[in-house]
Asker: 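Okay, handing you the structure first.
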Amino acid sequence: MNDFISDGKKTWRLVRNRISEIFEENNKALRDNDSHKKIVLFTMDEVEMQLPVQIGDYTDFFSSKEHASNVGTMLRGADKALLPNWLHMPVAYHGRSSSVIPSGTPIHRPQGQTLLKGTETPILEPSKYIDFELEMAFITTDANLLGEPIPINEAEEYIFGMVLSNDWSARDIQKWESDPLGPFLAKNFASSISPWIVTMDALEPFRIESPKQNPKPLPYLKQEGKCSFDINLQATIIPENSVTTTLTTTNFKHLYWSIAQQLTHHTINGCSVKSGDLMGSGTISGSTPDSYGSMLELTWGGKNSIILNDGTSRKFIEDNDTVTITGFCEKNNLRIGFGEVHTKLLPVFQSKKK
């Protein structure tokens, strides 16, 4: 869809309005034309879900205050949970676009360097602490020239729409490698997204106020009005040949930094943004334990176990578990779904080469 997205909001809106017109309940043109319906409509088993865009670059933000506070408390204590820069700008890292995959694509447990407790020399081993991260992500159009910042009041003009995202993490690898430059192998082995992009026009009825920002951001990040969206989110887990357990229920509205602020800050230094670039929200957590967006938080660093509906327990994701993230907006009998992103974790990859 990259070329289509590059055409800009005017084209997006015209096409969306035309599709809505064709499928309007009272429009007989398609509804009563069986020969056309045989060509236009497909059953789900005829459709293969694929990545909706060719992703050139991938950035993952860290924009949930609750999530950042939880992780910071585990690492540094409650009095130093947030680092000094966090309340002044949307913090992010650059991810790896080659390992962004669509819903339904299984992944293998990664291996990497870890440092076992009480030792001084790292070892190479499969990660023991695989985690999901409940996120959303937005997809951009061609936004700016190299060197040209995007003003905050224009940022959403360059956002095509949003998808669900699961930015997989290997927490033991992450703990050893992150100091001083942040995550590397702990994150780049897989990031799963839903194949359906919900456009910004579709999300318009679900706008809400963002969390109050204190201290006030610098002028280039200052926003007014309804800058966030009421999007219900849920993550579930299914062990192989077992039943579903809900892990968490949260909402996009908890994000401290808005998508417009994220894009504006991303370009304030002149970084150029292209059609199909993917910008992750970072883990979305609420204020209560049942709304935390990762196993790291739900088990508080692996100290507590989650009892599943089949009687087994989890501290992190185990081989052959399937994690599914779903999302929807609902207001005044209007409901818009994001579909789902489901991913099965397979054991460590075994080469078939002799």
Side-chain angles (χ1 to χ4, degrees), residues 5 9 53 55-69 71-72 81-97 100 133 135-163 165 167 178 180-184 187 191 193 200 203 207-229 231 252-285 293:
I5 294 173
K9 179 166 280 192
V53 293
I55 300 167
D57 277 307
Y58 168 46
T59 299
D60 192 47
F61 285 88
F62 188 48
S63 291
S64 164
K65 186 177 181 180
E66 291 80 3
H67 172 65
S69 297
V71 175
L82 293 179
L83 293 174
N85 63 359
W86 199 94
L87 291 170
H88 294 277
M89 63 179 179
V91 178
Y93 74 92
H94 287 288
R96 178 75 179 174
S97 61
V100 178
E133 290 191 347
E135 301 192 18
M136 298 198 70
F138 64 85
I139 292 171
T140 67
T141 185
D142 299 297
N144 59 330
L145 300 173
L146 184 65
E148 176 189 19
I150 298 174
I152 188 71
N153 61 338
E154 297 178 14
E156 285 194 19
E157 295 296 312
Y158 302 103
I159 298 175
F160 176 63
M162 299 185 70
V163 297
S165 176
D167 188 39
S178 288
L181 292 181
F184 180 36
K187 297 277 190 177
S191 297
I193 66 171
M200 301 308 295
L203 292 175
R207 281 190 178 273
I208 56 173
E209 299 284 342
S210 296
K212 185 177 180 180
Q213 295 182 326
N214 184 28
K216 292 183 179 179
L218 294 178
Y220 79 98
L221 289 172
K222 186 178 179 182
Q223 272 188 299
E224 296 180 354
K226 297 180 178 180
C227 306
S228 189
F229 301 91
I231 306 173
F252 183 79
K253 66 184 179 183
H254 296 307
L255 279 190
Y256 186 87
W257 294 105
S258 73
I259 56 176
Q261 288 174 320
Q262 290 170 356
L263 184 56
T264 293
H265 182 68
H266 200 304
T267 64
I268 194 62
N269 67 341
C271 176
S272 56
V273 173
K274 303 299 182 183
S275 175
D277 283 358
L278 184 71
M279 311 284 181
S281 64
T283 305
I284 302 171
S285 294

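The first residue of the sequence shown is numbered 1, and numbering continues consecutively from there. All figures in this text were calculated on a predicted structure; none of them were measured in a lab.
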Asker: Distance check, rounded to the nearest 0.5 Å: K65 atom NZ versus H254 atom NE2?
Answerer: 13.5 Å
Asker: Tell me if a side-chain donor or acceptor on E133 pairs with a main-chain N or O of T283 at a distance below 3.5 Å.
Answerer: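 Side chain of E133 to backbone of T283: no pair is present.
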Asker: Just verifying a value: how many Å separate D277 CG and D57 CG, rounded to the nearest 0.5 Å?
Answerer: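 Output value for this atom pair is 5.0 Å.
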Asker: Just how far is it from atom NZ of K253 to atom CD1 of I231, taken to the nearest 0.5 Å?
Answerer: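 If I round to the nearest 0.5 Å, the distance is 11.5 Å.
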Asker: Would F138 and Q262 satisfy side-chain contact (heavy atoms from CB on, under 4.5 Å), going step by step from the backbone distance to the final call?
Answerer: CA-CA 10 Å; F138 64 85; Q262 290 170 356; 3.3 Å; yes
Asker: Does S281 reach the main-chain N or O of E135 with its side chain, forming a donor-acceptor pair under 3.5 Å?
Answerer: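 No: the side chain of S281 does not pair with the backbone of E135.
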Asker: So, the side chain of N144 versus the backbone of P149: is there a donor-acceptor pair under 3.5 Å, distance only?
Answerer: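 No, the answer is negative, given that no donor and acceptor are paired below the 3.5 Å cut-off.
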Asker: Is there a donor-acceptor pair under 3.5 Å between the side chain of T140 and the backbone N or O of K274?
Answerer: yes
Asker: Where do Q261 and T264 land on the side-chain contact (heavy atoms from CB on, under 4.5 Å) test, with the steps shown first?
Answerer: CA-CA 5 Å; Q261 288 174 320; T264 293; 5.7 Å; no
Asker: Under the criterion side-chain contact (heavy atoms from CB on, under 4.5 Å), I'd like the reasoning laid out for L278 against Y58: C-alpha separation, chi angles, the key distance, then a yes or no.
Answerer: CA-CA 5 Å; L278 184 71; Y58 168 46; 3.7 Å; yes
Asker: Parallel, tilted or perpendicular: which one describes the rings of W86 and Y256, with boundaries at 30° and 60°?
Answerer: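 The rings of W86 and Y256 sit tilted, inter-plane angle from 30° to 60°.
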Asker: Rounded to the nearest 0.5 Å, what separates atom CD in Q213 from atom CG in L87?
Answerer: 9.0 Å
Asker: Taking salt bridge (charged side-chain N to carboxylate O under 4.0 Å, His left out) as the cut-off, I'd like each qualifying pair that reaches into residues 139-159, sequence neighbours left out, listed once.
Answerer: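 Only K9-E157, E156-R207 qualify under salt bridge (charged side-chain N to carboxylate O under 4.0 Å, His left out).
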Asker: I259 vs F229, test: side-chain contact (heavy atoms from CB on, under 4.5 Å). Steps then yes/no.
Answerer: CA-CA 10 Å; I259 56 176; F229 301 91; 4.1 Å; yes
Asker: Closest approach of I284 and F252, non-hydrogen atoms and distance?
Answerer: CD1-CD1, 3.8 Å
Asker: Checking side-chain polar atoms at under 3.5 Å, does Q223 have a donor or acceptor matched by the opposite partner on S258?
Answerer: yes
Asker: Flag yes if more than 12 heavy atoms outside E209 fall under 6.0 Å of its CD atom; otherwise flag no.
Answerer: yes
Asker: What is the ring orientation for H94 with H266, classed by angle as parallel under 30°, tilted 30 to 60°, or perpendicular over 60°?
Answerer: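 If you compare the ring of H94 with that of H266, the planes turn out perpendicular.
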Asker: Enter the distance from L146:CG to C271:SG here, rounded to the nearest 0.5 Å.
Answerer: 8.0 Å
Asker: State whether the side chain of S63 and the backbone N or O of L255 hold a donor-acceptor pair below 3.5 Å, judged by distance alone.
Answerer: no
